[in-house]
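Every heavy atom of this structure was used, including side-chain atoms; hydrogens, water molecules and symmetry mates were not. FYI, the numbering just counts along the sequence from 1. One-based numbering, in listed order, for ligands and for the atoms of each.
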Amino acid sequence: MTDFSAFTAPGINDLSPYVPGKPIDELERELGLSGTIKLASNENPLGPSPLGMEAAGRAISGINLYPDDSGFRLKARLAHKYGLEPQQLLLGAGSSDVIDMVARTFLAPGSNAVFSRYSFAMYPIYTTAAGAKCRVAASHPPDHESMPYGHDLEAMAALVDEATRVVFIANPNNPTGTWLRADELQQFLRDLPGEVIVVLDEAYTEYVMEADFPDGADWLAMFPNLVVTRTFSKIYGLAGLRIGYGMASAALIDLIGRVRHPFNVNMPALAAAEAALDDEEFLQHSRKTNAAGLVQLAAVFAAMGLDWIPSIGNFITVNLRRNGAQIYQQLLERGVIVRPVANYDLPEHIRVTVGTEAENQRFLEALQEVLVA
Ligand SMILES: *Cc1c(COP(=O)(O)O)cnc(C)c1O
């Protein structure tokens, strides 16, 4: 038998595939349960944007044709929204597609990417798949006064060397929910060699209400090496359609766009995204529900004597001081899907997405049951 692993491209044998949140169907099939809830993938518990959903429905009748490969209308809408040129936009099948395109454009054997220890699980996967090395910076320590487990920009800068082509920064960060202020992030960008690409991953930015939180889109004119990524998967509630985008200088977008698969964004997704951008009512309602849910979860964690990482995203990562994988299993048996984060190097934590008030309540009751057992 041929051992094909001897013939793979650089990096492939070092990869472990991404482990997604467990789908509801799968749990119900496996355990014969019904009425289970999923708080595992930071999806919007209020459902899809109603305007987005209607638009996707209308677009379905046209799917015998290929979608508009240029994404003309959505790019025009986004360009208008952010005061950019359409050539500064790149659409992806989710923002992870855009992040992968950046990796494939700039990373290769011999180069490296820098990112923080507790950050998005796709950064090491895309880096390794491109044959490049991961340089993982220490994060702030668990007892840090304001951002425990958060990005330590000094530690990240210290890892940048002549072989560094890309730095990945998630703001707010997943799985910690921590964030970087405008002043510190801008200073980091100023100090970085101009040829190093910075991917500023803003998947959760629409949830944020903090005043000194940066908007990467405002900095594109200042930093030609900056790529800002956003998604319709989180607050817009369109995760199942797979659509996100990147914003950067036109020169960078031209390069990155060369590795894009043709028709990478499907027709219902394009239509839904365009409509969802205007769904202010839904966005406001989502932000409010999330803010209330964060308070609801934190209050009960406090009452239970649990430490959690202060989050401004739509999820909280809580320290159970027990085997997180086991607690995860026991929650599954009670019909509640959360996210174990051992793969993020946090074996005693779990990450829970902020749900509706009733979902949060159900999760908290199940957690209390499991922890006293
Ligand atoms: C969810 C998430 C994304 C985006 O996912 P897509 O569905 O591919 O848009 C990107 N970065 C982070 C940090 C995320 O948590």
**OP:** Starting from atom 7 (O) of ligand 1, locate the nearest protein heavy atom and write down its residue, its atom name and how far away it is, to 0.1 Å.
**Re:** Ser233 OG, 2.6 Å
**OP:** Anything under 30° is parallel, anything over 60° is perpendicular, the rest tilted; go ahead and classify Trp308 against Phe301.
**Re:** tilted
Original post:
What's the shortest distance from atom 3 (C) of ligand 1 to any protein heavy atom, and which residue and atom give it?
Top reply: Lys234 NZ, 3.4 Å
**OP:** Answer yes if the ring centres of Tyr245 and Phe232 are under 6.0 angstrom apart, and no otherwise.
**Re:** yes
Original post:
Looking only at heavy atoms, is any part of Met122 under 4.0 Å from ligand 1, and if so is it the side chain, the backbone, or both, or is it neither?
Top reply: neither
Original post:
What atoms of ligand 1 come within less than 4.0 Å of a heavy atom belonging to Gly94?
Top reply: 6 (P), 8 (O), 9 (O)
**OP:** Distance to 0.1 Å, residue and atom name: give those for the protein heavy atom nearest to atom 15 (O) of ligand 1.
**Re:** Tyr204 OH, 2.6 Å
Subject >> Those atoms of ligand 1 less than 4.0 Å from some heavy atom in Arg242 >> reply: 6 (P), 7 (O), 8 (O)
Original post:
For ligand 1, which atoms have a heavy atom of Asn174 less than 4.0 angstrom away?
Top reply: 13 (C), 14 (C), 15 (O)
Original post:
What residue and heavy atom of the protein are closest to atom 4 (C) of ligand 1, and at what distance?
Top reply: Ser95 OG, 3.1 Å
**OP:** Could you tell me whether a side-chain N or O of Asn266 sits under 3.5 Å from a main-chain N or O of Leu241, the two making a donor and an acceptor?
**Re:** yes
Original post:
With atoms numbered from 1 as shown, which atoms in ligand 1 lie under 4.0 angstrom from a non-hydrogen atom of Ala203?
Top reply: 2 (C), 3 (C), 10 (C), 11 (N), 12 (C), 14 (C)
Original post:
Is the gap between the ring centers of Phe120 and Tyr123 under 6.0 Å?
Top reply: yes
Original post:
Purely on distance, is any nitrogen or oxygen of Tyr123 under 3.5 Å from one on ligand 1?
Top reply: no
Subject >> Protein contact of atom 8 (O) of ligand 1 - nearest heavy atom, named by residue and atom, plus distance >> reply: Ser96 OG, 2.2 Å
Original post:
Applying salt bridge (charged side-chain N to carboxylate O under 4.0 Å, His left out), which residue pairs with at least one partner in residues 154-173 are found, sequence neighbours left out?
Top reply: Arg135-Asp161
Original post:
Do other residues, nucleotides or ligands put more than 12 heavy atoms under 6.0 Å from Lys133 NZ?
Top reply: no
Subject >> Geometric class of the Trp179/Phe213 ring pair [parallel <30°, tilted 30-60°, perpendicular >60°] >> reply: tilted
Original post:
So, Thr128 versus Asp14: side-chain donor-acceptor pair below 3.5 Å or not?
Top reply: no
**OP:** Give the residue, atom name and distance (to 0.1 Å) of the protein heavy atom nearest atom 12 (C) of ligand 1.
**Re:** Asp201 OD2, 3.4 Å
